[in-house]
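Scroll down for the structure; my scribbles are underneath it.
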Amino acid sequence: MEYTGKEQLFSYQGRTLRLLNQSCPEWTHPYGYPDDPREADDNLHDAGCGIFSVAHLIDWVTGKKASVEELADFSMATGGRGDDGTDRPVLLAAMEAAGRLREIGLRYDGDGLVNDHEALWETLKNGGYALTDLRVGHIVAIVDHRVKGGERQLLIIDSSRDSMHPAVRGDIREVVPGTEVYAKYVNRCGVCTGEGLHYAMYWVPLEKPFDFNLLHKIG
């Protein structure tokens, strides 16, 4: 099987969407944290999950293909690149201040990292979205919601491989066909540590996300 490249298109519910595959080591655009020598030379493949999640969200909301490289540069210029990847509250506050969220019909209220699942559900019901963790160390986008079998569920777009992560895979209710990614896993030292198949879109229960940032629909 051939490895999936940096990007691929797929269809879902009448939308043509772009998958940004962080697992591809060709994402070499700089995304470093100069205050820590261990992360100073990082690139989007190493630490860009927050940037990919924002790009996936913009793609979903507008149908326009956001420049991942430009978003990374904006994040670094505004303090959004923190000491462990993307500092979401800082990046989203900068996007709010610059009018970049308003351009896509959203607002960020500066609420930091939230763990109120009822607030998350209400935000989604009212046309909003969220960025979140499903496990420590990786950011994904929440783009849709549903009730299935009496359970409230959320649709995730994931730039990396959490569908096969031990902390996530047991909670996945359904994967979205056509979003398969075959990837080689390369660590920060450039060493291949494995390969395998994962999915870029999948449904999880409402209670699974934690430390989420709510993005509200304007109007």
Of all residues at least two apart in sequence or in a different chain, which pass the salt bridge (charged side-chain N to carboxylate O under 4.0 Å, His left out) check with Glu96?
-> none
Report yes if the side chains of Leu131 and Ile142 come closer than 4.5 Å at any heavy-atom pair, otherwise no.
-> no
Can you see which heavy atom on Ser163 is nearest to which on Asp158, and at what distance?
-> N-OD2, 4.0 Å
Closest approach of Gly80 and Val90, non-hydrogen atoms and distance?
-> N-CG1, 3.8 Å
Would you list the atom pairs, donor with acceptor, under 3.5 Å between side chains in residues 37-51 and any protein atom, with sequence neighbours excluded?
| residue | atom | partner | partner atom | Å |
| --- | --- | --- | --- | --- |
| Arg38 | NE | Asp36 | OD1 | 3.1 |
| Arg38 | NE | Asp36 | OD2 | 3.3 |
| Arg38 | NH2 | Asp36 | OD2 | 2.8 |
| Glu39 | OE1 | Arg81 | NH1 | 3.0 |
| Glu39 | OE1 | Arg81 | NH2 | 3.3 |
| Asp42 | OD1 | Arg188 | NH1 | 3.1 |
| Asp42 | OD2 | Arg81 | NH2 | 3.0 |
| Asp42 | OD2 | Arg188 | NH1 | 2.5 |
| Asn43 | OD1 | His45 | N | 3.0 |
| Asn43 | OD1 | Asp46 | N | 3.0 |
| His45 | ND1 | Gln22 | O | 2.7 |
| His45 | ND1 | Cys24 | O | 3.4 |
| His45 | NE2 | Val186 | O | 3.1 |
| Asp46 | OD2 | Asn43 | N | 3.0 |

How far apart are the C-alpha atoms of His198 and Ser160, what are their side-chain angles, what is the distance that settles it, and do they pass the side-chain contact (heavy atoms from CB on, under 4.5 Å) test?
-> CA-CA 8 Å; His198 62 272; Ser160 193; 5.6 Å; no
Glu207 vs Asp171 side-chain heavy atoms within contact, under 4.5 Å | no
By salt bridge (charged side-chain N to carboxylate O under 4.0 Å, His left out) - contacts of Arg169 (at least two apart) | none
Indicate the atoms forming the closest heavy-atom contact of Val136 with Phe210, along with that distance.
-> N-CZ, 3.7 Å
Might you work through the side-chain contact (heavy atoms from CB on, under 4.5 Å) test for Asn126 and Lys217, ending with a clear yes or no?
-> CA-CA 7 Å; Asn126 290 324; Lys217 182 178 180 180; 6.0 Å; no
Compare every heavy atom of Asp59 with every heavy atom of Lys64, then report the nearest pair and how far apart it is.
-> O-OD1, 2.6 Å
Below 4.5 Å, heavy atoms only, C-beta onward: do Phe212 and Thr123 meet side chain to side chain?
-> no
Between Asp73 and His29, is any pair of side-chain heavy atoms under 4.5 Å apart?
-> yes
Which residues pass the side chain to side chain donor-acceptor pair (under 3.5 Å) test with His165, sequence neighbours left out?
-> none
Is there a side-chain contact between Leu215 and Leu92 (heavy atoms, below 4.5 Å)?
-> yes
Give the C-alpha distance, both sets of side-chain angles, the deciding distance and a yes or no for side-chain contact (heavy atoms from CB on, under 4.5 Å) between Asn21 and Gln8.
-> CA-CA 8 Å; Asn21 174 27; Gln8 70 176 16; over 6 Å; no
Does Ile218 reach the side chain of Arg107, with side-chain heavy atoms less than 4.5 Å apart?
-> yes
Regarding Tyr182 and Glu195, is there a side-chain donor-to-acceptor distance under 3.5 Å anywhere?
-> yes
Indicate the atoms forming the closest heavy-atom contact of Arg18 with Ala66, along with that distance.
-> NH2-O, 2.9 Å
Are Leu17 and Trp60 close enough that some pair of their side-chain heavy atoms sits under 4.5 Å apart?
-> yes
Electrostatic pair Lys65-Glu7, nearest N-O below 4.0 angstrom = no
If you measure only the distance, is there a donor-acceptor pair under 3.5 Å linking the side chains of Tyr31 and Thr86?
-> yes
Side-chain contact, heavy-atom cut-off 4.5 Å: Asp144 with Leu124?
-> no
Could you list the residues that satisfy ring pair (Phe, Tyr, Trp, His ring centres under 6.0 Å) with His145, not counting sequence neighbours?
-> Trp121
Passes side-chain contact (heavy atoms from CB on, under 4.5 Å), Leu19 versus His56? Steps please.
-> CA-CA 7 Å; Leu19 164 64; His56 279 146; 4.1 Å; yes
Salt bridge (charged side-chain N to carboxylate O under 4.0 Å, His left out) with Asp162: which residues, sequence neighbours excluded?
-> Arg135
Exam field: side chain Glu180 to backbone Gly178, donor-acceptor pair closer than 3.5 Å | yes
Candidate list Arg173, Lys208, Arg146, test side-chain hydrogen bond (donor to acceptor under 3.5 Å, both in side chains), partner Gln153, passing option | Arg146
Salt bridge check: are Glu103 and Arg100 linked by an N-O gap of less than 4.0 Å?
-> no
